[in-house]
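Here the structure comes first, spelled out in structure tokens, and everything after it is commentary.
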Amino acid sequence: MAELLRFATAGSVDDGKSTLIGRLLYDSKAIFEDQLEAVEETSRQRGDEYTNLALLTDGLRAEREQGITIDVAYRYFATPRRKFIIADTPGHIQYTRNMVTGCSTADLTLVLVDARHGLVEQSRRHAFLASLLRVPHLVLCVNKMDLVDYDQGVFDAICDEFRAFATKLDITDLTSIPISALNGDNVVHRSEHMGWYDGSSLLHHLEQVFISSDRNLIDARFPVQYVLRPMSGAHHDYRGYAGTMAGGVLKPGDEVVVLPSGFGSTIESIDSADGPVDEAYAPMSVAIRLSDDVDVSRGDMICRPHNRPHLGQDLEAMICWMGEASSLRTGTKLAIKHTTRWARALVKDLHYRLDVNTLHRNHEADELTLNEIGRVTLRTTAPLFFDDYRRNRDTGSFILVDESTNATVAAGMILGPTQNP
């Protein structure tokens, strides 16, 4: 089975994100003839002198009319080596929440920079957000190299400036590629115009980047989503616990413990949609049967006896506020969804608001409004089973929901339990 790579694109307006994705889809033969014909016709109607591949991804009418990306657009394609899910995220600062959404599940982020303009505020902001969301791999794509005569000096200068900025961030893997999305240079095929560049094309890098070790395979975490109890048929005595592995590896015969009760048992068997499996690891969806008749319900977590997550009601977190009609302040009460568990949460303290452009911390801030990011202390009404976000993105993240509107108003990344609450 081909491995799946999720990647997000980010960059300033007009840096060419949508064109780059269109070029990837076009040159890798991932679009149909009628799609291409529709894009060619729309390009002619708009008066474009070329086939505008950006129209393949900018699906909203407002996006096409303004020539910008507003919402996160997901596109799917595959090569013989790998399957891909692309999240095309907006460049505008007012759509920070959309980029957070796109990057939250990404294995890799592409940051596009216009070779003519170099690094701009948005470039730094997107690199910071990618590091905040712990995206393991970052690719700096210096686009529109054709407009600077494929000058190596321009490319090197941008790379040096970006690397200097990246040293302030938590970025573990950085690759730089000079491209022209419009002409296809170094996108799917190596460019004939840049003999000085000895690296791989973008698609080759996406096919080859090693992601198997990015997931946490040490800490076994299985949040229970649903209890399977067939009431009739040959399996009427079956009792399994369904969910998605959020970390580590579990096998039949392993000793486990169920939280919050603390009762121990042994894994009898693990079933997938295709039948029994010898092991389960993230992000597999499976049903686990235990040897003992332990009380397990939705929202519980199965883990190893000597490797447990934090269990508590007080936690420190970074919050990206997504609410349009409300703001976050000390004393705000919201519902919290963490893995498969729901509770209510109180904002005990807003420590600071973070300027995503300068990384300045404003400790005087008394609220977070739309698209703002800050550090908070939360107190929940029921204990959560969590890890630090830097250790496990699945068990270290949560969303906050306004119970009066049922709207998701924030995404959070857990820094750890509150010390001496």
Side-chain angles (χ1 to χ4, degrees), residues 5-21 68-69 72 86-145 154-179 181 186 199 202 205-206 209 211 214 318-320 352-361 371-375 389-390 393 397 411 413 415:
L5 174 80
R6 294 174 176 267
F7 69 93
T9 61
S12 181
V13 178
D14 293 333
D15 278 350
K17 298 186 302 297
S18 298
T19 303
L20 173 61
I21 294 172
I68 63 171
T69 302
V72 182
I86 314 169
D88 184 18
T89 63
H92 281 287
I93 190 166
Q94 64 260 42
Y95 303 120
T96 296
R97 59 177 176 174
N98 304 65
M99 186 184 166
V100 167
T101 301
C103 285
S104 62
T105 56
D107 303 301
L108 179 147
T109 297
L110 300 181
V111 176
L112 259 74
V113 173
D114 189 323
R116 299 168 301 172
H117 304 144
L119 288 192
V120 294
E121 195 175 77
Q122 287 99 321
S123 312
R124 295 181 175 87
R125 183 172 77 249
H126 294 145
F128 163 69
L129 289 172
S131 71
L132 178 69
L133 288 154
R134 307 290 300 169
V135 182
H137 307 278
L138 193 68
V139 176
L140 174 67
C141 286
V142 181
N143 192 23
K144 305 190 181 182
M145 287 297 294
V154 172
F155 174 70
D156 290 343
I158 292 173
C159 291
D160 291 344
E161 186 181 356
F162 190 83
R163 283 200 179 89
F165 176 72
T167 57
K168 304 175 186 177
L169 308 176
D170 199 355
I171 295 173
T172 54
D173 177 36
L174 174 61
T175 303
S176 303
I177 303 175
I179 66 170
N186 283 337
L202 174 60
H205 179 74
L206 294 175
V209 65
I211 60 171
D214 294 338
M318 295 297 293
I319 293 284
C320 175
Y352 58 79
R353 181 172 63 223
L354 188 67
D355 186 320
V356 294
N357 295 317
T358 65
L359 307 188
H360 172 71
R361 299 176 178 182
N371 291 312
E372 291 184 334
I373 292 175
R375 177 169 175 165
Y389 185 78
R390 62 169 33 249
R393 291 166 79 189
S397 59
M413 292 141 280
L415 302 172

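None of these values were measured; they are calculated from a predicted model. What's counted below: heavy atoms across the whole structure, side chains too, no hydrogens, waters or symmetry copies.
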Distance col, row Arg134:CZ vs Tyr389:OH, nearest 0.5 angstrom, shows 8.5 Å
Spacing of NE2 belonging to His360 relative to CZ belonging to Arg353, to within rounding of 0.5 Å: 9.0 Å
Is any side-chain heavy atom of Leu202 less than 4.5 Å from a side-chain heavy atom of Leu110? yes
Do Thr109 and Leu129 come close enough that some side-chain heavy atom pair is under 4.5 Å? no
Report the distance from atom NE2 of His126 to atom CD of Glu121, rounding to the nearest 0.5 Å. 10.0 Å
Can you name the closest pair of heavy atoms from Glu161 and Leu119 and give their distance? CG-CD1, 3.7 Å
Indicate yes or no: at least one non-hydrogen side-chain atom of Asn186 is less than 4.5 angstrom from one of Pro178. yes
Looking only at heavy atoms, which two atoms of Ala115 and Val154 are closest? And how far apart? O-CG1, 3.5 Å
Side chain to side chain contact (heavy atoms under 4.5 Å, CB included), that's the test. Do Leu354 and Phe128 meet it? Break it down for me. CA-CA 11 Å; Leu354 188 67; Phe128 163 69; 3.0 Å; yes
Gap separating the OG atom of Ser131 from the CZ atom of Arg390, nearest 0.5 angstrom: 10.0 Å
Beyond-backbone contact of Leu138 with Phe162, side-chain heavy atoms, under 4.5 angstrom: yes
Could you state the interatomic distance from OG1 (Thr105) to CZ (Phe7), rounded to the nearest 0.5 Å? 12.0 Å
Provide the closest heavy-atom pair for Pro136 versus Ala106 in the form atom of the first, atom of the second, distance. CD-O, 3.9 Å
Does the side chain of Arg124 come within less than 4.5 Å of Leu359's, by heavy atoms? no
Among Val113, Asp114, Leu112, the one residue meeting side chain to side chain contact (heavy atoms under 4.5 Å, CB included) with Ser123: Val113
Please determine whether side chain to side chain contact (heavy atoms under 4.5 Å, CB included) holds for the pair Val135 and Arg393, giving the CA-CA distance in whole Å, both sets of side-chain angles, and the decisive distance to 0.1 Å. CA-CA 9 Å; Val135 182; Arg393 291 166 79 189; 4.1 Å; yes
Taking every non-hydrogen atom, the tightest pair across Ala127 and Ile171: O-CD1, 4.4 Å
Hey, what do you get for CZ (Arg6) to CG (Leu108), rounding to the nearest 0.5 Å? 13.5 Å
Which heavy atom of Cys320 sits nearest to which heavy atom of Val100, and what is that distance? SG-CG2, 3.8 Å
Closest non-hydrogen atom pair between Cys141 and Ile179, with its separation: CB-CD1, 3.9 Å
Check against side chain to side chain contact (heavy atoms under 4.5 Å, CB included), Val209 and Asp173: CA-CA 10 Å; Val209 65; Asp173 177 36; 4.2 Å; yes
